[in-house]
Engineer: 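The structure is given below, and queries will be raised subsequently.
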Amino acid sequence: GEDVEQSLFLSVREGDSSVINCTYTDSSSTYLYWYKQEPGAGLQLLTYIFSNMDMKQDQRLTVLLNKKDKHLSLRIADTQTGDSAIYFCAERITGTASKLTFGTGTRLQVTL
Amino acid sequence: GAVVSQHPSRVICKSGTSVKIECRSLDFQATTMFWYRQFPKQSLMLMATSNEGSKATYEQGVEKDKFLINHASLTLSTLTVTSAHPEDSSFYICSARDLGSTSGANNEQFFGPGTRLTVL
């Protein structure tokens, strides 16, 4: 089955690192994604990782994938107030015509 | 590039009326578009996959006669909520897959800004 879980809320101080976690259950995932959603808006793709990779770094973003534990994380370095949003992880399963299953979303609050 | 628009951005209607939401890929062609529904403080739930020139594929539990999808061209898909009721009030988001994307390895979906539907 497809079930993607995230913690609901994370609060960090500006300048600190944020780590948002995601667990999934389907081992057939090919790609795993991180999206950002600001209030009242659609989703913006931040980064993605292919399932045969362990890590991917893109500027302030670092994605770690532990396929054995089916655990995905997104680390945001030097978190800024503009990073405050809801973050969704999503997985794409092999052979599902690009269908994405989204996590429950984590609300990141950045405080001064 | 890769911009997806939705129209309207916000709509309020009376119970029993039908509402049409448009999803357009502005600078690319999309054979496949996806329609999602998002309740407040919840995740996105895929409703249906819209394929240009063919019938949409609906997810389990989504009534195809209530949520009519038409994908008449490579740049436009419409979702019509028929005989809307207050429980249909939600945020509807579409996404489109770029047919000619050079980053096709990840089949990236580009998301629209969403349409907030309120049924009174």
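Chain identifiers are assigned alphabetically (A, B, ...) following the order of the sequence lines, protein sequences preceding nucleic acid strands; residue numbering begins at 1 within each chain.
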Engineer: Checking an interface table here. Which of residues 102-112 of chain A come within a heavy-atom distance under 4.5 Å of chain B?
Structural biologist: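 Heavy-atom contacts from residues 102-112 of chain A to chain B are A:F102, A:G103, A:T104.
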Engineer: So which part of B:L44 gets closer than 4.5 Å to some heavy atom of chain A, the side chain, the backbone, both or neither?
Structural biologist: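 Both parts, heavy atoms under 4.5 Å.
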Engineer: Sub-4.5 Å heavy-atom contacts with chain A: which residues of residues 63-71 of chain B show up?
Structural biologist: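 Counting heavy atoms that sit under 4.5 Å from chain A, no residue of residues 63-71 of chain B is involved.
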Engineer: When you measure from the side chain of B:S73 to the backbone N and O of B:T75, does any donor-acceptor pair fall under 3.5 Å?
Structural biologist: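 Flag set: sc B:S73 to bb B:T75 pair under 3.5 Å.
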Engineer: Please, which pairs that meet salt bridge (charged side-chain N to carboxylate O under 4.0 Å, His left out) have at least one residue in residues 44-63 of chain A, sequence neighbours excluded?
Structural biologist: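 Counting only pairs at least two positions apart or across chains, the salt bridge (charged side-chain N to carboxylate O under 4.0 Å, His left out) contacts touching residues 44-63 of chain A are A:R60-A:D83.
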Engineer: So B:M47 and B:E59, do their side chains get closer than 4.5 Å, heavy atoms only?
Structural biologist: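 Sidechains of B:M47 and B:E59: no contact.
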Engineer: With distance as the sole test, does B:D27 use its side chain to make a donor-acceptor pair with the main-chain N or O of B:V3 at under 3.5 Å?
Structural biologist: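 Yes, B:D27 side chain to B:V3 backbone: donor-acceptor pair under 3.5 Å.
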Engineer: For B:Y36 and B:Q109, test the side chains for any donor-to-acceptor distance below 3.5 angstrom and give the result as yes or no.
Structural biologist: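 B:Q109 and B:Y36 do have a side-chain donor-acceptor pair below 3.5 Å.
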Engineer: If you count the non-hydrogen atoms of other residues, nucleotides and ligands that lie under 6.0 Å from CD in A:Q59, is the total more than 12?
Structural biologist: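 No, not enclosed.
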Engineer: Classify the side-chain pair A:S17/A:R75 by whether it contains a donor and acceptor separated by less than 3.5 Å.
Structural biologist: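 Distance-only check passes for A:S17 and A:R75.
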Engineer: Below 4.5 Å from any heavy atom of chain B, which atoms of A:Y35 appear? Answer side chain, backbone, both or neither.
Structural biologist: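 For A:Y35, the contact with chain B is made by the side chain alone.
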Engineer: Which region of B:Q6, side chain (C-beta onward) or backbone (N, CA, C, O), has a non-hydrogen atom less than 4.5 Å from a non-hydrogen atom of chain A, or is it both or neither?
Structural biologist: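 It is neither, since no heavy atom gets under 4.5 Å.
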Engineer: Please state whether the side chain, the backbone, both or neither of A:Q37 comes within less than 4.5 Å of a heavy atom of chain B.
Structural biologist: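 Contact with chain B: side chain only.
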Engineer: Could you check whether B:S95 and B:W35, counting side-chain N and O atoms only, form a donor-acceptor pair closer than 3.5 Å?
Structural biologist: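 Looking only at side-chain atoms, B:S95 and B:W35 do not form any donor-acceptor pair under 3.5 Å.
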Engineer: Heavy-atom pairs under 4.5 Å with chain A: which of B:Q38, B:Q42, B:M45 has the most?
Structural biologist: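 Result: the option with the highest number of such pairs is B:Q38.
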Engineer: So that I can tick it off, tell me whether B:K20 and B:E22 are bridged by a salt bridge, with the cut-off set at under 4.0 angstrom between side-chain N and carboxylate O.
Structural biologist: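 Looking at B:K20 together with B:E22, the answer is no, because their closest N to O distance does not fall below 4.0 Å.
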Engineer: According to the disulfide bond (SG atoms under 2.5 Å apart) rule, which pairs have a member within residues 38-73 of chain B, sequence neighbours left out?
Structural biologist: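 Pairs touching residues 38-73 of chain B that pass the test: none.
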Engineer: Would you say the side-chain atoms of A:T30 pair up with the backbone N or O of A:R92, donor to acceptor, closer than 3.5 Å?
Structural biologist: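 Confirmed, A:T30 side chain pairs with A:R92 backbone.
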Engineer: Is a side-chain donor or acceptor of B:H85 paired with a backbone partner of B:S83 at a separation under 3.5 angstrom?
Structural biologist: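 Side chain of B:H85 to backbone of B:S83, a donor-acceptor pair under 3.5 Å: yes, one is there.
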